[in-house]
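In each ligand, atom 1 is the first atom listed, and ligand 1 is the first ligand listed. All values derive from a computational prediction rather than experimental measurement.
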Amino acid sequence: MLIDTHCHLDFADFADERDAIITRAHEAGVTQMVTISTRVRKLDGLLAITEKYPSVFCSVGTHPNNAGDELDVQTEDLVRLANRHEKIVAIGEAGLDYFYDTQTPADQKTGFVRHIAAARETQLPLVIHSRSADEDMIEILTTESGKGAFPFILHCFSSGPELARTGVELGGYISFSGILTFPKSEDLRDIAKTVPMDRLLVETDAPYLAPKRWRGKRNEPSYVINTAEVLAECKGVAYQEIARITTENAFRIFSRMPRL
Ligand SMILES: [Zn+2]
Ligand SMILES: [Zn+2]
């Protein structure tokens, strides 16, 4: 049993095949999935998917690459929306993306801090997207945690060891995607070895980043097993053990998500 803690089932890539994709996930042992919001304005589409499929849950938030388009969304809006529907189990994804610098750092930070405040208030986990922004991310996480703790996940972790260390010290979880399986990701696997067992999660970030076994194909939730296999190797434990632990961790951090 595994949980894909981060995918994007509302993307057009999946439109015609969602039934088949979710069936394949279940057949592979992926019992539950969290489909992650990238625009608050598209929340209704996400909710419709979660209402159709009992095993699919969702979040609410604005991806940093869309930050400038949703600067009207305030903390209280996020809190109100998050409490509107029982299938919303997280805030985000929000954060900083300086790799695709389509949005100004100032707009990204404004949105990010509002999402942090919403996570602090609701105590729902904040799904954090951080790319090429380690220094600013460490500073914001440290400063904001000092104002009051909030649960969070550093999703699709592909940053440096210092951000991983800071995340763990502040009580956060580290989620690994298919990037962990790539031949060139030796540094990332070294970081995975240092993350405590009780903070590890796995995800696909589908439709992006198919793991090595399916590299070049469109990603989907069933493929999360390959990431879990590589994570098990990193930690020197059996696959079944990593599956059990990451699933336990997922239910702990996604505290509103029921076991089906
Ligand atoms: Zn992301
Ligand atoms: Zn994502």
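Residue H6 counts as close to the Zn ion (ligand 2), with an N, O or S atom under 2.8 Å.
For the pair OE1 of E93 and ND1 of H129, the angle at the Zn ion (ligand 1) is about 100°; rounding is to 10 degrees.
Distances from the Zn ion (ligand 2) to each N, O or S atom of H8 single out NE2 as the nearest. Of all N, O or S atoms in D205, the one lying closest to the Zn ion (ligand 2) is OD1.
Of the residues listed (I253, I128, N249), the one engaging I153 in a side chain to side chain contact (heavy atoms under 4.5 Å, CB included) is I253, and it is the only one. Of the candidates L200, T5, L154, L201, Y173 forms a side chain to side chain contact (heavy atoms under 4.5 Å, CB included) with just one, namely L201.
Cation-pi contact between R131 and Y98: absent, since separation from the ring centre below 6.0 Å together with deviation from the ring axis within 45° is not met. A cation-pi arrangement is present between R259 and F251 under the rule of less than 6.0 angstrom and at most 45 degrees off the ring axis.
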